[in-house]
Every structure is written in structure tokens, then in C-alpha cells.
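Written out below as C-alpha cells is the structure these notes cover.
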Number of protein chains: 2
Amino acid sequence: MPKDPVTRNDVAMYAGVSTAVVSYVVNEGPRRVAPETRDKVLEAIRVLGYRPNATARALRMGTTRTFGLITPDGGNPLFAELAKAIDKEASARGYVVLQTGADGDPATEQAKIAELLARQVSGLLLVAPTDDPDLTDVDIPVIAINRVLRAASSVSPQYRAGAARGVEHLINHGHRRIGLVIGHSRRTPDRELGWRDALEQAGLEEGPIARTSFSRQGGYDAGRELLDQVPTAIFASSDLQAVGVLRAIHEAGLRVPEDIAVLAFDGTAETEYSWPPLSVVRQPLERMAHEAVTRLIDGQDAVEAVTYPTELILRRSCGC
Amino acid sequence: MPKDPVTRNDVAMYAGVSTAVVSYVVNEGPRRVAPETRDKVLEAIRVLGYRPNATARALRMGTTRTFGLITPDGGNPLFAELAKAIDKEASARGYVVLQTGADGDPATEQAKIAELLARQVSGLLLVAPTDDPDLTDVDIPVIAINRVLRAASSVSPQYRAGAARGVEHLINHGHRRIGLVIGHSRRTPDRELGWRDALEQAGLEEGPIARTSFSRQGGYDAGRELLDQVPTAIFASSDLQAVGVLRAIHEAGLRVPEDIAVLAFDGTAETEYSWPPLSVVRQPLERMAHEAVTRLIDGQDAVEAVTYPTELILRRSCGC
DNA sequence: TTGAAAGCGGTACCAT
DNA sequence: ATGGTACCGCTTTCAA
């Protein structure tokens with residue numbers, strides 16, 4: 001017997017007041033209520049086990065206090081950690097997040113955007129990296145994370161400076177031939193530019209480059225490819241790739257960091273327990289999540305790209 | 001100028017029909033509409049860029065087609081992969097999922113349940129492992145995953161049989177002293193029972209046990225503890241723990257699997273690229289997600305605990 | 001085949 | 001301080 005839900009009407013009836021008063025009590029406004037009336041209502045709410053219907057409220061108020069979050073792949077640890085940070089940030093402000101994956105497919109992402117819009121989300125978080133979706137007639141705030149959109153503000157780590165800082169560290173260890181594992185992409189990725197910056201700065205010539213997917217398998221393939229060109233260090237543009245590189249190196253019977261050093265961009269938890277533990281350039285996920293959520297709520301109008309400094313975390317893989 | 005949203009009223013007006021007809025067209029029912037009227041409406045929808053308001057629909061229909069998913073920690077790869085599978089399953093059926101983390105804290109979980117109920121989710125997915133939450137006056141279907149609840153059905157891997165199968169495999173490799181890394185818990189966990197089953201079955205005496213948290217750090221601590229008792233193989237009750245164990249072993253200068261073999265329960269992607277790659281008892285996450293979502297939608301009444309067979313995946317860490 | 005209208009559960013203005 | 005009530009956008013019955 002699924003007893004139908006208690007509504008504000010039941011409460012009003014039980015407490016012998018009008019529905020308006022119940023509303024005033026529940027929301028602590030916008031009108032004052034006499035203390036004793038208030039107590040009657042509270043009592044009725046308690047006894048009846050009343051829970052306001054957020055759907056009705058959303059309809060009336062025109063806001064669901066819900067964010068939509070679309071990542072290319074929920075299974076990717078980086079996005080999982082990002083999502084966790086966003087959830088935490090949203091929860092703290094009474095929001096809730098509809099999270100979904102787009103399989104790294106632009107068409108799917110576009111469809112998911114439509115679905116979330118239909119559900120009246122109050123803001124949209126779009127995480128890297130797919131093509132620019134069509135955002136015309138999206139009438140809610142949108143923030144891009146780890147990607148830059150023409151039509152929306154974005155929040156990202158300082159890819160270029162962070163990568164440069166990491167590679168520079170490798171150079172300080174004495175490495176002169178530093179390979180790069182990077183993702184495919186239309187324009188030159190900032191992490192690649194950062195790697196170049198550091199090499200140039202040190203007067204070093206460019207090391208070997210392997211372009212591959214952002215995955216462990218991709219890193220593995222790239223690692224094998226790079227090993228043929230005997231670099232003494234490898235900078236991977238993502239944790240996943242670095243983990244794959246590590247495997248390729250181990251299989252080749254080489255030691256890290258003695259024979260070859262490795263440093264990765266991202267800094268997810270997995271890197272702390274890889275073998276050896278990976279030195280990383282860590283994305284400030286918490287700060288990024290905080291900023292993204294804040295912007296969504298405050299609804300800034302100007303389109304701007306905000307970036308945050310990364311953190312260099314030294315572990316064993318670089319030789320430290 | 002954030003032009004306010006197009007409603008069904010605008011469409012009706014533009015097409016010169018009533019709102020009812022618009023509804024019939026959009027939902028392809030419950031009444032038939034003359035083809036030409038239909039075309040007019042479709043045209044109006046297209047021109048105006050109308051998108052039905054799912055919130056209003058939900059209020060009227062009494063269902064949001066939304067699931068609530070609460071995990072102890074969204075950053076845990078196992079839960080991230082589970083969430084991904086659930087998202088996929090839900091999407092395919094036109095549902096969407098509100099995902100949130102409870103920090104492994106019962107009180108937080110209880111609060112999140114209330115929040116999701118207020119938001120009228122159509123079903124609730126509660127993932128391991130915290131205390132039994134209070135589910136009285138929860139009037140929607142609830143499915144527990146990887147945990148058993150008094151008041152709701154559950155979907156889990158066959159922990160005991162799967163663990164036994166894994167340990168048995170270790171025994172077949174010739175191991176006679178097999179340690180166990182397991183989580184803390186009130187009652188004896190099924191994975192521990194499975195480990196015992198296999199040892200008993202083979203007439204072996206019990207190996208050393210280390211009880212710790214379900215984390216990489218926990219596994220590391222447990223690994224160090226176990227190494228003092230010189231087992232020749234270790235069965236870890238989760239991937240995370242196994243990864244920690246691996247680190248402890250490497251630091252001790254031992255080789256896997258030559259000096260000590262390792263096998264883990266879970267089978268997340270991370271294990272495929274650890275060093276060496278971990279042999280695992282894999283949870284059938286996709287099947288579990290499918291079953292959980294199906295049950296939520298079909299709204300079975302009986303409380304039952306469904307379990308699914310695991311898969312033994314052999315890689316290098318066991319000696320294969 | 002189509003239209004009018006009631007009602008889903010709240011909110012908040014306008015009266016009293 | 002409190003009550004009555006219109007309205008948020010949509011679905012569906014009832015009448016035409």
C-alpha cells in the first residue's frame with residue numbers, strides 16, 4: 001500500500017492554517033508567522049512526515065537548483081575526481097548534479113545537452129574534450145572545464161605553464177633528451193607548447209613526440225614508440241598515458257627513474273601508487289570545481305577563460 | 001536579454017490550435033491528430049525552438065524519470081565505473097541520474113537520501129558500504145548494490161564464490177600460504193569466507209590476515225604487515241588494496257609473482273596497467289547495473305538479494 | 001478531430 | 001498575522 005505523499009495541503013489542514021502559512025514556515029519567509037502558529041505547523045509537518053515537493057517548487061520558482069555535468073567518460077579517474085569535487089561544491093550550496101557521459105562523441109554530447117536543458121537544469125558544466133557544441137538558444141549559464149568554448153566561460157589548469165614547469169624539473173635532473181606523449185588534436189595543445197617552452201628555454205633541441213589517445217593503452221603504445229628513440233625522460237600529458245608508458249618501460253626491462261624518468265600531467269590518486277610513484281603536475285581540481293560552481297550560480301555574463309596554477313608533486317619517477 | 005523560454009502555449013498560439021493538441025503531437029497520444037494539424041504544430045515547434053519543460057511534466061505525471069545514486073566516494077574507480085555503467089543503462093531508457101557521494105558516512109548518506117526524495121527521484125540506488133539507512137517512508141523503489149539491506153533488494157557479485165575461485169587459482173599455482181587483505185566490518189565478509197572455503201577445500205591451514213580500509217593506503221599498510229609473515233601469495237579484497245600491496249612488495253625489494261603472487265577482487269581498469277598487471281576476480285558491473293536499473297523501473301515488490309557470477313581474469317601477478 | 005478546463009504541489013501577492 | 005487565490009507548464013478527461 002504505497003500511501004500517497006503528504007502535501008502541503010494535508011499539513012495546512014492538520015495544523016488548521018492556510019497553505020500560505022505552511023509555505024511561510026517552511027521557507028522562513030517571505031512573511032513572518034506567529035510563534036505559536038509556527039509551532040503548530042512544525043508539529044503537523046513532523047507528525048505527517050511532510051517533505052516539500054522540489055519538483056513543484058522548481059516549476060513555480062523557475063529554478064531546479066540542479067546542475068548538468070557532461071564528461072567524455074565517467075570511468076576516467078580524472079573526470080571522476082573532478083565530478084566528485086563538483087558534487088561536493090554543489091552539495092554545499094544546496095545544489096545537486098545530474099552527471100552523464102558523452103563517450104567522447106560530439107553528437108552524443110549535443111543530445112545530452114538537449115536532455116539536460118529539457119530537464120531545466122540551472123547550469124551546465126561541459127568537460128573536455130570534444131568539438132564545440134551548438135550553444136545557441138541555451139538560456140542558462142554554461143561553464144567549460146578543461147576546454148575552451150567560443151560561447152562560454154571556461155575554467156582550466158595552466159596547462160602550458162604547468163607542463164613547462166614539469167619539463168623544467170626533468171631538465172634540472174640533467175635530462176637532455178625528453179620525449180613527449182600527447183593527445184591528438186586540431187590545434188597544438190598547450191601542454192605541448194609548455195614542453196617546447198621548457199626545452200627552448202634550456203637551449204635543448206626538441207625530443208621525440210608520440211601522439212596518441214588519452215588512455216592507458218594509448219600511453220603504452222606511445223611508450224613503445226618512444227623507447228626506440230631512446231629519450232632519457234618522458235613527459236606524458238595525462239596520468240593514464242603515463243601509466244601506459246610505465247608499463248612499456250617495465251616490459252622493455254628498463255628501470256624508472258634510473259634508465260628513464262617519467263613525469264605526468266594531471267595528478268590523480270592512481271599516480272601515487274603506481275610503480276614507481278609518479279611525479280606529477282597536479283590539476284587544482286578542487287579550486288576549479290569551486291570556481292565553476294560559483295560562476296554558474298552567480299551567472300557572470302562575460303565570457304572569459306580562467307586558469308589556475310598547477311602544483312608540481314615530486315615522487316620517485318622523476319629521480320627525486 | 002535572456003529571452004524567456006518558449007512554452008506550449010506559445011506553440012499553440014502560433015499554430016492556431018489548443019494546447020491539448022500540442023500535447024497530443026509531442027507525446028504522440030493519447031489522441032490522434034489530423035496530419036495537417038500535426039504538421040502545423042511541428043512547424044511551430046521548429047520555428048519557435050520549443051522544448052517541453054520536463055519539470056512541469058514531472059509534476060503533472062508524478063514521475064521525474066530520474067534516479068538517485070549514492071556512492072560512498074565518487075572518486076573511487078570502482079564506484080566511478082559502476083556509475084558509468086548505471087548512467088549508460090539509465091540513458092538508454094530515457095532516465096537520468098543524480099549522482100552524489102556520501103563520504104562513507106551514514107549520516108551524510110541519510111541526508112542525501114532525504115534530499116533526493118524531496119527531488120522526487122523515481123528510484124534510489126544505494127552503493128556499499130555503510131550502515132543500514134532508515135528507509136521507512138521511502139515510497140519509491142530502492143536497490144542496494146554491493147551491500148545487503150533489510151528493507152530493499154540488492155544486486156551484488158558473488159563475493160564468496162568469486163573469492164574462492166580466485167584463491168583456488170592461487171592454490172593451483174602451488175601456493176600453500178596465502179594471506180588475506182580484507183576490510184573492517186561487523187560480520188565476516190563474504191570475501192573472507194570465500195578465501196577460507198578455498199583453503200579448507202585444499203586442506204590448507206589459514207594464512208595471515210590483515211584488516212584495513214578499502215584504500216590504496218590501507219592496502220599498503222596491510223601489505224607491509226603481511227610481508228612479515230612471509231606468505232607466498234596474497235589475496236586482496238579490492239583493487240585499491242592490491243595496488244597498495246604491490247607497492248609494499250616492491251619497496252621490500254621482492255618480485256611479483258616470483259617471490260610473492262597477488263590476486264585482487266574487483267577488476268577495475270587500473271589493474272590492467274599496474275606493475276605487474278593484476279590478476280583479478282572481476283565484478284560484472286555492467287550486468288549489475290542493468291539488473292539494478294531494470295528492477296528500479298519495473299518496481300518489483302519482493303525483497304531479494306540477487307548475485308552475479310564474477311569473472312576470473314588472469315594476468316601476470318598470479319604467475320600465469 | 002479538437003478545445004476548454006481541472007489539477008499536479010508550491011509560492012507569494014493582495015486582502016483582511 | 002493569516003487566508004484566499006492566481007499561476008508556473010503540462011496532461012488528460014469531458015464536451016463539442
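Just so we're on the same page: letters track the sequence lines, and every chain starts at 1.
- Rounded to an integer number of Å, the gap from A:R31 CZ to D:dG3 C1' is 12 Å.
- The CG atom of B:D10 sits 13 Å away from the C1' atom of D:dC10 (whole-angstrom rounding).
- Contacts of B:A20 with the nucleic acid, taken as non-hydrogen atoms under 4.0 Å apart, include base atoms.
- Residue A:N27 is in sugar-phosphate contact alone, with no base atom involved, counting any heavy-atom pair closer than 4.0 Å across all strands shown.
- Counting non-hydrogen atoms under 4.0 angstrom, A:R57 reaches the backbone sugars and phosphates but no base.
- A:T7 comes within 4.0 angstrom of sugar-phosphate atoms only, judged by non-hydrogen atoms across all strands, and of no base.
- For the pair B:D137 (side chain) and A:G49 (backbone), a donor-acceptor distance under 3.5 Å is absent.
- Between A:D39 atom CG and D:dT2 atom C1' there is a gap of 16 Å when expressed in whole angstrom units.
- Axis angle, first five pairs versus last five pairs of the helix from C:dT1-D:dA16 to C:dT16-D:dA1: 50°, rounded to 10°.
- Under the 3.5 Å distance criterion, with hydrogens and angles disregarded, a donor-acceptor pair is assigned to the side chains of B:D87 and A:T100.
- Of the candidates B:I143, B:L296, B:V121, B:I86, B:F67 forms a side-chain contact (heavy atoms from CB on, under 4.5 Å) with just one, namely B:L296.
- Contacts of B:V26 with the nucleic acid, taken as non-hydrogen atoms under 4.0 Å apart, are absent.
- Across all strands, A:V22 comes closer than 4.0 Å to no nucleic acid atom at all (heavy-atom distances).
- At the heavy-atom level, B:V33 lies under 4.0 Å from the strands shown only through sugar-phosphate atoms.
- Panel note: side chain B:S154, backbone B:L149; no donor-acceptor pair is recorded below 3.5 Å.
- With B:K84 as reference, A:D73 is the one residue of A:D103, A:T71, A:D73 to meet the side-chain hydrogen bond (donor to acceptor under 3.5 Å, both in side chains) rule.
- A side-chain donor from one of B:Q283 and B:N146 sits under 3.5 Å from a side-chain acceptor of the other.
- Within 4.0 Å of A:R51, counting heavy atoms only, lie sugar-phosphate atoms of the nucleic acid but no base atom.
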Starting from the C-alpha separation in whole Å, work towards a yes-or-no answer on side-chain contact (heavy atoms from CB on, under 4.5 Å) for B:F214 and B:N76. CA-CA 10 Å; B:F214 283 100; B:N76 183 318; 5.7 Å; no

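- The residue among B:L59 and B:R8 whose nearest nucleotide of DNA chain C is located toward the 5' end is B:R8.
- Residue pairs meeting the salt bridge (Lys or Arg N to Asp or Glu O under 4.0 Å) criterion with at least one partner in residues 34-43 of chain B, sequence neighbours excluded, are B:E43-B:R46.
- Nucleic acid contact for A:R60: base, since at least one base atom lies under 4.0 Å from a heavy atom of the residue.
- Each of A:I70, A:V127, A:I145 was scored for a side-chain contact (heavy atoms from CB on, under 4.5 Å) with A:F79, with one residue passing: A:V127.
- Between the OH atom of B:Y24 and the P atom of D:dC14 there is a distance of 12 Å, rounded to whole Å.
- Of the possible donor and acceptor atoms, one in the side chain of B:R119 sits under 3.5 Å from a partner among the backbone N and O of A:T64.
- OP1 or OP2 of D:dC10 lies within a sub-4.0 Å distance of a side-chain N or O belonging to B:Y50.
- No contact: A:T55 has no heavy atom under 4.0 Å from any strand.
- The nucleotide range of DNA chain C contacted by chain B, defined by atoms under 4.0 angstrom from heavy atoms of the protein and reported 5' to 3', is C:dT1 to C:dG9.
- Judged by distance alone, with hydrogens and angles left aside, A:T19 brings a side-chain donor or acceptor within reach of the base of D:dT5, the pair sitting under 3.5 Å.
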